[in-house]
Amino acid sequence: MATEFTVSVRSADVSVGTATAMKAVFVRDLKTAFRQPQDLLNPLLFFVMVVTLFPLGVSPEVSFLQQAGGGILWVAALLSVLLSLDHLYRHDFDDGTLEQLVLQPQPLFLLVLAKSLAHWVLTGLPLVLLAPVLGIMVHLEGNSVAVLCLTLLIGTPVLSLIGSIGAALTLGLRSAGVLLSLLIIPLYIPVLIFGTGTVLAAAEGAPVTGQLALMGAFLMLALTLAPFASAAALRISLSNS
């Protein structure tokens, strides 16, 4: 894996442009993920099971589900993304590819951004595509389902970008999954609050433009700052390993 990555991304001097390097990292992560389908299916199955079992364990009443459905789907999506974060850098760390990534002449934060986008395509985007079916299952109305999908489309990239920081910080540690949850969940709370609040406001017929704008601001902030933080965390983790 490390040799394949080096051949595809590295070249003599800096003849490989940054965009080409980012594309190579992005495509490689997609190909690697499809070679291990269980890592792709586990978060999706978890998402479906949580949403399916919640009405059985709490209340199957339509009025309750219409009010709590947005929160149920958002909590399930958050936990599903969290479940997949441990694999974001783990395989590359184990086979030596991550060291090659750090040694590339291209900016590390852009390569980290490519990996985070690949993680979202593999984890967050399928959740967005499943959300309409599960939203109907919990009796959300059409407008609420549309707003739910829009909030997930904006919010799940934020979860992947913030999660990459925690995944980089806990790289190589024992019980990394527990520590990762403790580090990342507090940072996820604002996205969760605005995501569920927007769906609830849509269900009540209230305007949601302001809340969607705030979620968009979260996304822009994460795109701007999270790759730098993740790159710094990766250098720290590799220097201590």
A.B. asks: Which pair of heavy atoms, one from A131 and one from C149, lies closest together, and at what distance?
C.D. replies: CB-SG, 4.1 Å
A.B. asks: Could you state the interatomic distance from CE (M22) to OG1 (T18), rounded to the nearest 0.5 Å?
C.D. replies: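 Nearest 0.5 Å value for the CE-OG1 distance: 8.5 Å.
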A.B. asks: Any non-hydrogen side-chain atom of L171 less than 4.5 Å from a side-chain atom of L98?
C.D. replies: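 Yes, side chains in contact.
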A.B. asks: To the nearest 0.5 Å, how far apart are OG in S230 and CZ in R235?
C.D. replies: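 If we round to the nearest 0.5 Å, S230:OG and R235:CZ are 12.5 Å apart.
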A.B. asks: Any side-chain heavy-atom pair from V158 and L221 closer than 4.5 angstrom?
C.D. replies: no
A.B. asks: Which residue pairs pass the ring pair (Phe, Tyr, Trp, His ring centres under 6.0 Å) test with at least one member in residues 45-90, sequence neighbours excluded?
C.D. replies: H87-H91
A.B. asks: Report yes or no: do I185 and L88 belong to one cluster of Ile/Leu/Val/Met/Phe/Trp/Tyr joined by side chain heavy-atom distances under 4.5 Å?
C.D. replies: yes
A.B. asks: Using atom types as modelled, flag every donor-acceptor pair under 3.5 Å from a side chain in residues 117-127 to any protein atom, sequence neighbours excluded.
C.D. replies:
residue	atom	partner	partner atom	Å
H119	ND1	S160	OG	3.0
H119	NE2	S84	OG	2.9
W120	NE1	T156	OG1	2.8
T123	OG1	H119	O	3.3

A.B. asks: If you look only at distance, which donor and acceptor atoms sit under 3.5 Å apart when one is on a side chain in residues 132-143 and the other is two or more places apart or in another chain?
C.D. replies:
none

A.B. asks: What are the two closest heavy atoms between S80 and P43, and how far apart are they?
C.D. replies: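 Closest heavy-atom pair between S80 and P43: OG-O, 3.2 Å.
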A.B. asks: Would a single hydrophobic cluster contain both F26 and F34, if residues Ile, Leu, Val, Met, Phe, Trp and Tyr are joined by side-chain heavy-atom contacts under 4.5 Å?
C.D. replies: yes
A.B. asks: So how far is it from T198 OG1 to L152 CG, rounded to the nearest 0.5 Å?
C.D. replies: 10.5 Å
A.B. asks: Check for me, please, whether L40 and L30 land in the same ILVMFWY cluster - side-chain distances under 4.5 Å, paths through other members count.
C.D. replies: yes
A.B. asks: Going only through I, L, V, M, F, W and Y residues with side-chain contacts under 4.5 Å, is there a path from L85 to L225?
C.D. replies: no
A.B. asks: Testing the basics here: between V25 and L111, what is the closest heavy-atom pair and its distance to 0.1 Å?
C.D. replies: CG1-O, 3.8 Å
A.B. asks: Is any side-chain heavy atom of I72 closer than 4.5 Å to one of L65?
C.D. replies: yes
A.B. asks: State, yes or no, whether a side-chain contact exists between Q106 and L110 at a heavy-atom distance under 4.5 Å.
C.D. replies: no
A.B. asks: Apart from I189 itself, which Ile, Leu, Val, Met, Phe, Trp or Tyr residues share its cluster (side-chain heavy atoms under 4.5 Å, direct or through members)?
C.D. replies: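 Traced through the cluster, I189 reaches I193.
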A.B. asks: Quick check: is V191 connected to L200 through a chain of hydrophobic side chains (ILVMFWY, heavy atoms under 4.5 Å apart)?
C.D. replies: no
A.B. asks: Step through the shown structure and confirm whether more than 12 heavy atoms of other residues, nucleotides or ligands are within 6.0 Å of CD on E61.
C.D. replies: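 No, not enclosed.
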A.B. asks: Is L130 close to V48 at the side-chain level, that is, under 4.5 Å between some pair of heavy atoms?
C.D. replies: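 Heavy-atom side-chain distance check passes, below 4.5 Å.
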A.B. asks: State, to 0.1 Å, how close L101 and L108 come at their nearest heavy-atom pair, and which atoms those are.
C.D. replies: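 Here L101 and L108 meet closest at O-CD1, 3.9 Å.
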A.B. asks: Applying ring pair (Phe, Tyr, Trp, His ring centres under 6.0 Å), which residue pairs with at least one partner in residues 199-238 are found, sequence neighbours left out?
C.D. replies: F109-F228, F194-F218
A.B. asks: When Ile, Leu, Val, Met, Phe, Trp and Tyr are grouped by side-chain heavy atoms lying under 4.5 Å apart, directly or through other members, which residues fall in the same group as L53?
C.D. replies: L56
A.B. asks: Looking only at heavy atoms, which two atoms of I165 and A233 are closest? And how far apart?
C.D. replies: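 Smallest heavy-atom distance, with atoms named: O-CB, 4.2 Å.
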A.B. asks: Taking all non-hydrogen atoms of both residues into account, name the closest pair between A201 and Q211 and its distance.
C.D. replies: CB-OE1, 3.6 Å
A.B. asks: Any side-chain to backbone donor/acceptor pair from T196 onto G71? Under 3.5 Å, distance only.
C.D. replies: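 Answer holds: no.
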A.B. asks: Would you say Q67's side chain and S63's backbone share a donor-acceptor pair under 3.5 angstrom?
C.D. replies: no
A.B. asks: Between D92 and R28, is there a side-chain N and carboxylate O pair less than 4.0 Å apart?
C.D. replies: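 Yes, charged N to carboxylate O under 4.0 Å.
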